[in-house]
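In what follows, a structure is listed as structure tokens, so that the remarks can point back to it.
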Amino acid sequence: MTDFTHPFFIATQEVFRLMLDLDIQVTPPEQLSELKNRAVNVSIGIVGDLEGKIDYYFPESMTLEIVRILSGMEMNELDDFVASAISEVVNIISGNAMTGLFSDQVQCDIQPPSIEVADTCSNRNKSDKLLTFETSIGQLLVDIQLVKKVA
């Protein structure tokens, strides 16, 4: 297996479609204008045959809209409830991606997420494995920073 980004692509697409009833399209990274503003970064550690982390970047407005769709409640600020809900969405995406990797004989586990809010995601790690998406409620960047574990 050479490309371990595909399970993350499929998992993100499925979770957005099934949980949020949103279509998600790949977009070129240079078109991610919404992430130049305040962004929520949820980071998930990965251990096993691959090691590293996955960073999910959401614009603040998209984060609030995702939580509104899931909970039915209007959200106006990034509070503990919003952080918990967006972390759970990322847990589900990451867990589904681990299932996809397992079908390719790659065994990995996810670690608990960490979350931070930044004025921009321009200082993010610049990995060469980026998935960039567009939805009707905003843009999303998934930065896949994984390497094969050395035996």
Side-chain angles (χ1 to χ4, degrees), residues 3-48 50-102 106 108-147:
D3 179 24
F4 42 79
T5 62
H6 190 69
F8 289 93
F9 169 77
I10 296 298
T12 304
Q13 196 172 47
E14 287 179 355
V15 167
F16 270 70
R17 184 175 50 84
L18 295 173
M19 287 184 66
L20 304 171
D21 197 25
L22 292 172
D23 289 325
I24 190 167
Q25 304 296 324
V26 174
T27 191
E30 58 273 7
Q31 292 184 5
L32 292 179
S33 60
E34 289 181 34
L35 288 167
K36 293 179 181 162
N37 300 320
R38 194 165 153 97
V40 176
N41 171 23
V42 183
S43 184
I44 296 274
I46 307 295
V47 295
L50 300 173
E51 293 185 331
K53 68 177 183 168
I54 312 298
D55 284 331
Y56 296 81
Y57 293 91
F58 302 88
E60 179 179 22
S61 60
M62 182 181 196
T63 303
L64 295 171
E65 184 62 14
I66 287 171
V67 176
R68 187 199 64 76
I69 291 169
L70 291 172
S71 70
M73 297 185 299
E74 204 62 44
M75 307 307 294
N76 298 314
E77 64 180 333
L78 297 172
D79 58 14
D80 288 343
F81 180 80
V82 171
S84 176
I86 198 68
S87 294
E88 187 55 31
V89 170
V90 167
N91 269 337
I92 293 167
I93 293 170
S94 299
N96 289 353
M98 295 304 105
T99 301
L101 287 170
F102 185 75
V106 178
C108 296
D109 289 313
I110 60 174
Q111 297 179 317
S114 64
I115 188 167
E116 68 179 6
V117 179
D119 290 331
T120 179
C121 79
S122 61
N123 61 348
R124 66 174 173 75
N125 294 328
K126 303 232 189 303
S127 78
D128 60 348
K129 295 186 176 41
L130 296 177
L131 297 175
T132 52
F133 299 105
E134 180 85 34
T135 73
S136 61
I137 63 167
Q139 300 169 327
L140 165 66
L141 180 135
V142 181
D143 188 355
I144 301 168
Q145 304 163 53
L146 298 175
V147 294

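All values derive from a computational prediction rather than experimental measurement.
- In this structure, CD1 on I44 lies 4.5 Å from OG on S94, to the nearest 0.5 angstrom.
- Rounding to the nearest 0.5 Å gives a distance of 13.0 Å between CD of Q139 and CD of Q25.
- The OG1 atom of T5 sits 10.0 Å away from the CD1 atom of I10 when rounded to the nearest 0.5 Å.
- When all heavy atoms of G95 and I110 are compared, the pair lying nearest together is N-CD1, 4.2 Å.
- Separating the CG atom in L50 from the CD1 atom in I144 is a distance of 10.5 Å, to the nearest 0.5 Å.
- In this structure, L64 and L78 have side chains that are in contact, with non-hydrogen atoms separated by less than 4.5 Å.
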Next item on the list: With side chain to side chain contact (heavy atoms under 4.5 Å, CB included) as the test, would you mind laying out the steps for S136 and L22 before giving the verdict?
Entry: CA-CA 7 Å; S136 61; L22 292 172; 3.4 Å; yes
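- Among all heavy-atom pairs drawn from P113 and V42, the shortest one is CB-CG1, 3.8 Å.
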Note to self: Set out, in order, the CA-CA distance, both residues' side-chain angles and the distance that settles side chain to side chain contact (heavy atoms under 4.5 Å, CB included) for L20 and L70, then state yes or no.
What the structure shows: CA-CA 7 Å; L20 304 171; L70 291 172; 3.7 Å; yes
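- Contact of the L140 side chain with the T132 side chain is not registered, since no non-hydrogen atoms from C-beta on lie closer than 4.5 Å.
- In this structure, E14 does not pair ionically with R17, as no charged nitrogen and carboxylate oxygen lie closer than 4.0 Å.
- Heavy-atom minimum distance, A11 versus I93: CB-O, 3.3 Å.
- Smallest separation of non-hydrogen atoms from R68 and E74: CD-OE1, 3.3 Å.
- Looking at F8 and K129, their side chains never come closer than 4.5 Å, going by heavy atoms from C-beta outward.
- Scanning all heavy atoms of the two residues, the minimum distance from N91 to Q111 falls at OD1-O, 4.5 Å.
- Between the CG atom in L131 and the CD atom in Q13 there is a gap of 10.5 Å [rounded to 0.5 Å].
- Within 6.0 Å of atom CG in D79, more than 12 heavy atoms from other residues, nucleotides or ligands are found, so the atom counts as buried in its surroundings.
- To the nearest 0.5 Å, atom CD1 of residue I54 and atom CG of residue L146 are 4.0 Å apart.
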Item checked: Trace of the side chain to side chain contact (heavy atoms under 4.5 Å, CB included) decision for V142 with F9 -> CA-CA 9 Å; V142 181; F9 169 77; over 6 Å; no
Next item on the list: Please report the C-alpha distance between M98 and I46 in whole Å, then the side-chain angles of each, then the deciding distance to 0.1 Å, and finally whether the side chain to side chain contact (heavy atoms under 4.5 Å, CB included) criterion is met.
Entry: CA-CA 9 Å; M98 295 304 105; I46 307 295; 3.7 Å; yes
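- Counting heavy atoms from C-beta on, the side chains of I69 and D21 never come closer than 4.5 Å.
- Contact detail for T63 and V82: the closest heavy-atom pair is CG2-CG1, 3.6 Å.
- In this structure the side chain of F133 never reaches within 4.5 angstrom of the side chain of T27, judged on heavy atoms.
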